Asker: 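Just passing along the structure, written as structure tokens.
Chain naming here is simple, since letters A, B, ... match the order of the sequence lines and numbering starts at 1 in each. What you are looking at is a predicted structure, and each value in this text was computed from that prediction instead of being measured.
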Amino acid sequence: MSTTPTLLLYDTMSGSKRPLEPIEPGHIGLYLCGPTVYDLSHVGHARSAICADTVVRFLREQGLRVTFVRNVTDIDDKIIKRAQVEGISAGEVAAKYTAAYHEDLDSLGCLRPDVEPRVTGTIPEIVALIETLIARGLAYESGGDVYFRVAAFSTYGALSKRSLDDMQAGARVEVSELKENPLDFALWKAAKPGEPAWPSPWGPGRPGWHIECSAMSKVHLGETFDLHAGGRDLIFPHHENEIAQSQGACGHGTFARHWMHNGFVDFAGEKMSKSLGNFFTIREVTALYPPEAVRWFLIGVHYRSGLNFDVEVPCPACARPLDTEAQQGSACPECGAALDRDRLRAHIRFPGLEEADERVAYVYDTLARSPRSGRV
RNA sequence: GGCCUGGUAGCCAAGUGGUAAGGCAGAGCUCUGCAAAAGCUCUAUUCGCCGGUUCGAUUCCGGCCCAGGCCUCCA
């Protein structure tokens with residue numbers, strides 16, 4: 001009989017490190033918020049997935065059974081918009097980028113989740129959950145939409161440590177005459193003409209962003225489960241809203257026992273954006289460096305810290321590093337060579353990944369020379 | 001403005017109250033010797049600042065300063 005393994009893990013709800021104590025001895029239920037599949041995933045998505053993968057592998061190594069659930073959000077405003085741009089259906093967009101996500105994470109050595117529910121496969125459960133919230137006075141129908149009544153949920157703000165008053169004070173939230181309170185959020189959105197829709201008691205429409213995770217975690221892990229993970233940016237409003245929905249429907253004391261949030265990947269010390277030099281997809285990076293190096297790099301710093309993803313942009317002609325201003329220009333300030341974005345992008349360097357690559361090579365070399373390799 | 005997290009050597013960075021990992025850079029040495037590579041050794045009496053708790057704190061508590069994040073979709 002083995003001793004009870006303990007993982008001391010920072011918990012966002014309590015704001016402190018706490019032992020991860022399984023509800024059911026020997027078993028951990030883990031829910032990770034997966035991607036909205038409307039585009040290729042970037043290294044920030046990879047970091048969240050790898051953090052969860054590392055926890056799953058560690059717990060299993062400790063002899064625990066782990067049920068790892070990671071959803072796919074396959075219907076959403078962004079997917080609908082993307083479908084219009086690409087001239088294909090929303091379902092086709094979702095299928096395409098779900099496959100790409102799998103390929104990318106496989107390449108990084110991430111284990112597949114035990115269950116990977118999709119929103120479009122969970123509609124009846126979502127509708128049932130919304131009906132419960134309405135019956136309990138925590139949600140209301142308005143113009144074909146359904147909103148969560150934030151003011152009726154007394155502990156709203158517990159995870160993100162903010163009060164309704166705080167939020168209302170600096171409120172620059174979406175204004176809508178359909179809402180009782182600007183902070184109320186959509187559980188169900190009425191379909192506009194031409195949009196994908198499912199039938200509901202409130203008319204055809206689709207689920208809001210937050211309700212899906214409440215429904216899917218309940219279906220696959222039960223009303224209460226051990227660990228919920230995701231990126232820091234999901235703390236508010238997404239995870240806060242999940243708590244309101246799930247506890248609103250199932251009672252206080254239910255839902256996730258422990259909350260784990262990983263830090264961001266920063267690009268060149270700046271906020272990520274699609275402009276040159278600070279936004280990179282997983283496959284862009286793994287095309288330049290071995291996936292092992294990328295994984296090593298991403299787990300090389302503490303999971304809650306920001307990870308600075310430094311980028312060097314050398315001039316294709318003279319190889320001198322170009323600063324941000326020079327990158328935007330049309331010619332190299334040193335040698336005068338013409339510059340264009342595509343060329344720069346093809347010559348980009350990631351010093352952190354180069355170092356990680358060397359470290360990985362060193363580890364493999366050491367392993368190859370160990371007595372157990374039989375090659376001594 | 002509110003809330004959250006963090007501040008560890010020149011730089012990056014680990015660290016579950018018991019006396020500071022590792023990497024890069026740097027210095028010395030070995031072997032070479034046109035150079036380089038490689039190997040070995042060294043490099044924080046100290047963990048933003050000030051108090052407190054403790055036999056003992058980088059680790060816990062309080063205050064202050066600074067940085068980043070969130071408060072709108074976001075991993």
Asker: Output the rounded distance in Å from CZ (A:R359) to P (B:C12).
Answerer: 18 Å

Asker: If the C1' atom of B:U45 is compared with that of B:U19, how far apart are they to the nearest Å?
Answerer: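 After rounding to an integer number of Å, I get 11 Å for this pair.
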
Asker: What's the closest nucleotide to the A:V301 side chain, out of B:C70, B:A13, B:G23?
Answerer: B:A13

Asker: Let me know the distance between CZ of A:R162 and P of B:G69, rounded to the nearest Å.
Answerer: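 Computing the A:R162:CZ to B:G69:P distance gives 15 Å.
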
Asker: Going by purine N1 to pyrimidine N3 plus the second Watson-Crick contact, or the G-U wobble pair, all under 3.5 Å, which nucleotide sits opposite B:G17?
Answerer: none

Asker: Hey, is the side chain of A:Y10 poking within less than 4.0 Å of OP1 or OP2 on B:U5, counting only N and O atoms?
Answerer: yes

Asker: Using whole Å, what does the distance between atom P of nucleotide B:G6 and atom NE2 of A:H261 come to?
Answerer: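 Distance, rounded to whole Å: 15 Å.
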
Asker: Suppose you measure atom P in B:G69 against the same atom in B:C64; what distance do you get, rounded to whole Å?
Answerer: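 Per the computed distance, 22 Å lies between those P atoms.
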
Asker: Is A:R304 near enough to B:G6 that one of its side-chain N or O atoms lies under 4.0 angstrom from OP1 or OP2?
Answerer: yes

Asker: A:H239 NE2 to B:C73 C1': how many Å, rounded?
Answerer: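 In whole Å, B:C73 C1' lies 15 Å from A:H239 NE2.
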
Asker: To the nearest 0.5 Å, how far apart are CG in A:L59 and CG in A:L20?
Answerer: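 These two atoms lie 6.0 Å from each other.
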
Asker: In whole Å, measure the gap between the P atoms of B:G17 and B:C61 for me.
Answerer: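 The answer is 12 Å between these two P atoms.
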
Asker: Are A:Y97 and A:Y38 near enough that their ring centres are under 6.0 Å apart?
Answerer: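 No, they do not, as the ring centres are separated by 6.0 Å or more.
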
Asker: Which base sits across from B:G62 as a Watson-Crick or G-U pair, both distances under 3.5 Å?
Answerer: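 Because both required distances fall under 3.5 Å, B:G62 counts as paired with B:C50.
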
Asker: Charged N to carboxylate O under 4.0 angstrom, A:D77 versus A:R206?
Answerer: yes

Asker: Pick the nucleotide of RNA chain B nearest each of A:G306 and A:D233; which residue has the one closer to the 5' end?
Answerer: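 It is A:G306 whose nearest nucleotide is closer to the 5' end.
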
Asker: In the strands shown, is B:U5 matched to any nucleotide by a Watson-Crick or G-U wobble pair with both distances under 3.5 Å, and which?
Answerer: B:A67

Asker: Starting at NE2 of A:H45 and ending at P of B:C73, how long is that distance when rounded to a whole Å?
Answerer: 15 Å

Asker: Is A:H302 close enough to B:G15 that one of its side-chain N or O atoms is under 4.0 Å from OP1 or OP2 there?
Answerer: yes

Asker: Have a look at A:T12 and say if it touches a base, only the backbone sugar-phosphate, or nothing, with a 4.0 Å heavy-atom cut-off.
Answerer: nothing

Asker: Take atom C1' in B:A67 and the same atom in B:C31, then report the distance between them in whole Å.
Answerer: 47 Å

Asker: Can you tell me the base-pairing partner of B:C29? Count Watson-Crick or G-U wobble geometry only, both distances below 3.5 Å, and say none if there is no partner.
Answerer: B:G39

Asker: Determine the Euclidean distance between corresponding C1' atoms of B:C12 and B:C49; express it in Å to zero decimal places.
Answerer: 24 Å

Asker: Could you work out the separation of B:C47 and B:U59 based on their C1' atoms and round it to a whole Å?
Answerer: 10 Å

Asker: Measuring from A:D233:CG to A:H261:NE2, what's the distance to the nearest 0.5 Å?
Answerer: 9.0 Å

Asker: Near RNA chain B, counting only heavy atoms under 4.0 Å, which residues of residues 97-118 of chain A show up?
Answerer: none

Asker: Considering every strand and a 4.0 Å limit on heavy-atom distances, what is the contact class for A:R47: base, sugar-phosphate, or nothing?
Answerer: nothing

Asker: Between the side chains of A:E125 and A:K218, is the shortest nitrogen-to-carboxylate-oxygen separation below 4.0 Å, so that they form an ion pair?
Answerer: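 Result for this pair is no, no salt bridge flagged.
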
Asker: Tell me which nucleotide among B:A13, B:G69, B:C71 gets nearest to the side chain of A:F236.
Answerer: B:C71

Asker: Rounded to whole Å, please give me the gap between NZ in A:K17 and C1' in B:G15.
Answerer: 8 Å

Asker: When the P atoms of B:C60 and B:A14 are considered, how many whole Å apart are they?
Answerer: 16 Å

Asker: Sort out the partner of B:C24 for me: Watson-Crick or G-U wobble, both distances under 3.5 Å, none otherwise.
Answerer: B:G10

Asker: Is it true that A:R257 and A:D11 make a salt bridge, defined as a side-chain N closer than 4.0 Å to a carboxylate O?
Answerer: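 No, this pair does not count.
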
Asker: Check every strand shown and say whether A:G230 touches a base, only sugar-phosphate, or nothing at a heavy-atom separation below 4.0 Å.
Answerer: sugar-phosphate

Asker: Do A:Y289 and A:F297 have ring centroids that are under 6.0 Å from one another?
Answerer: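 Distance test on ring centres: not under 6.0 Å, no.
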
Asker: If you compare every side-chain N and O of A:K161 against the phosphate oxygens of B:C4 (OP1, OP2), does one of them come in below 4.0 Å?
Answerer: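 No, no such contact exists.
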
Asker: Please work out if A:L234 contacts a base, only the sugar-phosphate, or nothing of the nucleic acid, heavy-atom cut-off 4.0 Å.
Answerer: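 Touches sugar-phosphate only.
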
Asker: When rounded to the nearest Å, what value does the distance between P atoms of B:C70 and B:G28 take?
Answerer: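 Here B:C70 and B:G28 have their P atoms 46 Å from each other.
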
Asker: Choose from B:U5, B:C73, B:A75 the nucleotide whose nearest atom is closest to any side-chain atom of A:R232.
Answerer: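 The nucleotide sitting nearest to the side chain is B:U5.
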
Asker: Separation of A:M167 atom CE from B:G2 atom C1', in whole Å?
Answerer: 10 Å

Asker: Nearest 0.5 Å, please: how far is CZ in A:F185 from NE2 in A:H238?
Answerer: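 If we round to the nearest 0.5 Å, A:H238:NE2 and A:F185:CZ are 10.5 Å apart.
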
Asker: Assuming nearest nucleotide by heavy-atom distance, tell me which of A:K78 and A:Y303 is located more 5' along RNA chain B.
Answerer: A:Y303

Asker: Can I get a per-line list of side-chain donor-acceptor pairs under 3.5 Å for residues 219-228 of chain A, giving both atom names and the distance, sequence neighbours left out?
Answerer:
unit_1	atom_1	unit_2	atom_2	d
A:D226	OD1	A:I23	N	2.8
A:D226	OD2	A:G29	N	2.8
A:H228	NE2	A:E242	OE1	3.4

Asker: Between P on B:G23 and CG on A:D357, what's the gap in Å once rounded to a whole number?
Answerer: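 Taking atom P of B:G23 as the reference, CG of A:D357 is at 18 Å.
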
Asker: Regarding A:G352, tell me which of base, sugar-phosphate or nothing describes its non-hydrogen contacts under 4.0 Å with the strands shown.
Answerer: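 The answer is nothing, as A:G352 stays clear of every strand by at least 4.0 Å.
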
Asker: Answer yes when A:E240 and A:R162 have at least one side-chain N-carboxylate O distance shorter than 4.0 Å, and no when they do not.
Answerer: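 Between A:R162 and A:E240 there is no salt bridge, as every charged N stays at least 4.0 Å from the carboxylate O atoms.
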
